[in-house]
Amino acid sequence: MNNFIMKGDICYSETSDTLRLCEDAYLICENGRSMGVFTQIPENYQHFEVLDYTGHMIVPGLSDLHVHAPQYAYRGLGMDMELLEWLETYAFPEESGYKEPAYADKAYSMFVQDLKYSPTTRFCAFATIHTSATLKLMALLENSGLKGYVGKVNMDRNSPDYYCEESAEASLEATREWLMQSEQFHNVRPIITPRFTPSCTDALMMGLGAIASENHLAVQSHLSENLGEIDWVKELCPDSKNYMDTYISAGLAAPGRKSIMAHCVYSDEREIQMMKDNDTYAIHCPQCNMNIASGIAPVRKWLDIGVHMGLGSDVAGGATLSIFRTMMEARQVSKLVWRLLDQNLKSLTLEEIFWMGTKAGGSFFGKVGSFEPGYELDALVLDESRMPHPQALTLRQRLERYICLSENGDLLHKYVSGNKIF
Ligand code: GUN
Ligand code: FE
């Protein structure tokens, strides 16, 4: 039974502007869900076991809404090109290797091991076009205790011969087969994953839209990341209103069915509004946007319009799995937008970046990413021992500093839905 109480210095978001900071407080977990944070243990929970993390910060688990699992092996390499050349030179050759079960097993095991010990509790991951390797990844993740979505990638055009599906019909058939086999998993669920418009024929996009709609499945893809990519989509889809319209018109984004679009660096107000109207999450991946020189997403505009949003590591465009690091980078690049591009776009606050990595992104998975009553209890117990300070800091200062200084290993414990992962 996941009934217990965590005692410590508890921090969580209520809104994009409000952090709740509770020193020496009690977080009640009943049946894997938060019953709230209290200064004293309420009468009816006196019999629950108390896990004493006094002096340590406890925060909600983080959500990584965009990560390419098969790119993990070459993170930190090949940061010398822009997107389209980078895909041809590095991503496609690496991903094609996952047709070999032994390679998939070895490389995915390394990814899952590191994700397990990272601050991420919930994920949306791309796999490759290969059904068996994708199922292997799902099995490893299921075993890790983390929760999230994995997508078998669809690509049937503009891709090298060695990494391209034979036809739209073959790709759709493989997707249906993969969906059937995915039913064996519970914590890891399938998500429809057209790589991006340039890699998918109209027939494939429409077919995937129909599968998503029939099976009530979420969708993930890429949107308006790079200028060359956007020009290419205009050429490929001359009748579309904009890039987002290529997904909406295929039924890949629709009201009432969640979808995820990574990057949105060049999405204008109209495109962001279309995303909002179709329950689409805009995912900010600042490190990737720097590494392959795509640009800087105007997150302040996303906040003003009120589109759903979250953060992504975008490994291996990004080189690190830590969403704390991503929070910091989101804050840093927002200062460059304000300084260099537009003084009306105020830089992001501590409250905003923490909210994006916890409650905003977590909402993709349901009631996830906060400690308000009713939220699934995903929690991290933080280890600040590597970052001592000569003075007593406030809890807000400790949180801000941890986001900036922490590395993946600076965790004592991790819980997902009240289950202890380590
Ligand atoms: N667009 C299409 N595929 C990819 C990918 O693997 N990484 C990034 N960053 N963008 C993409
Ligand atoms: Fe990506």
Side-chain angles (χ1 to χ4, degrees), residues 64-98 107 111 123-130 134 137 148-160 163-165 191-200 204-205 208 219-233 236 243-244 246-247 252 259-267 281-297 310-321 323 326 329 333 361:
D64 185 348
L65 277 289
H66 185 67
V67 54
H68 294 264
Q71 296 178 4
Y72 188 63
Y74 74 92
R75 69 201 186 283
L77 298 172
M79 305 250 154
D80 49 354
M81 292 172 184
E82 285 190 56
L83 174 66
L84 300 177
E85 203 185 350
W86 179 86
L87 287 172
E88 293 276 342
T89 310
Y90 301 111
F92 295 162
E94 176 66 21
E95 290 185 24
S96 73
Y98 286 71
F111 167 72
F123 56 81
C124 282
F126 278 53
T128 62
I129 64 174
H130 314 102
T134 303
L137 174 62
Y149 293 90
V150 168
K152 177 207 122 41
V153 173
N154 300 91
M155 307 163 63
D156 73 335
R157 70 168 173 186
N158 296 322
S159 307
Y163 192 52
C164 188
E165 296 173 292
I191 182 166
I192 297 298
T193 306
R195 180 172 209 116
F196 65 158
T197 302
S199 321
C200 301
L204 179 54
M205 297 272 274
L208 291 173
V219 172
Q220 60 179 352
S221 194
H222 296 91
L223 180 69
S224 300
E225 173 178 6
N226 163 286
L227 292 169
E229 170 210 21
I230 294 167
D231 286 342
W232 197 16
V233 170
L236 291 167
Y243 197 162
M244 185 61 198
T246 66
Y247 296 112
L252 287 160
S259 56
I260 280 183
M261 289 295 155
H263 304 298
C264 315
V265 171
Y266 294 99
S267 298
Y281 280 63
I283 306 307
H284 187 33
C285 308
Q287 188 175 140
C288 172
N289 297 156
M290 290 189 276
N291 284 336
I292 56 174
S294 297
I296 311 176
L311 297 174
S313 65
D314 199 12
V315 157
T320 168
L321 284 175
I323 296 295
T326 310
E329 288 158 350
V333 299

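In each ligand, atom 1 is the first atom listed, and ligand 1 is the first ligand listed. Treat the numbers as computed from the prediction; the structure is a model and nothing was measured.
Between Y72 and the options F126, F123, Y98, F111, a ring-ring contact (aromatic ring centres under 6.0 Å, His included) holds for only F111.
Remark: distances from the non-hydrogen atoms of A91 to ligand 1 are all 4.0 Å or more.
No side-chain donor from either of N158 and S199 sits under 3.5 Å from a side-chain acceptor of the other. Inspection of the Y90 and Q71 side chains reveals no N or O donor paired with an N or O acceptor under 3.5 Å. The closest side-chain donor-acceptor pair between H222 and H66 falls under 3.5 angstrom. No hydrogens or angles considered: a donor-acceptor pair under 3.5 Å links the side chains of Y247 and S221.
For a threshold of 3.5 Å applied to N or O pairs, the pair formed by W86 and ligand 1 contains no separation below that value.
Seen from the Fe ion (ligand 2), atom NE2 of H66 and atom OD1 of D314 lie 80° apart in angle, a value rounded to 10°.
With atom 7 (N) of ligand 1 as the reference point, the heavy atom nearest to it among H68, E229, M155 is part of H68.
The N, O or S atom of H68 lying closest to the Fe ion (ligand 2) is NE2.
Among all protein heavy atoms, the one lying closest to atom 3 (N) of ligand 1 is R195 NE, 2.8 Å. If you check which protein heavy atom lies closest to atom 10 (N) of ligand 1, you get E225 OE1, 2.8 Å.
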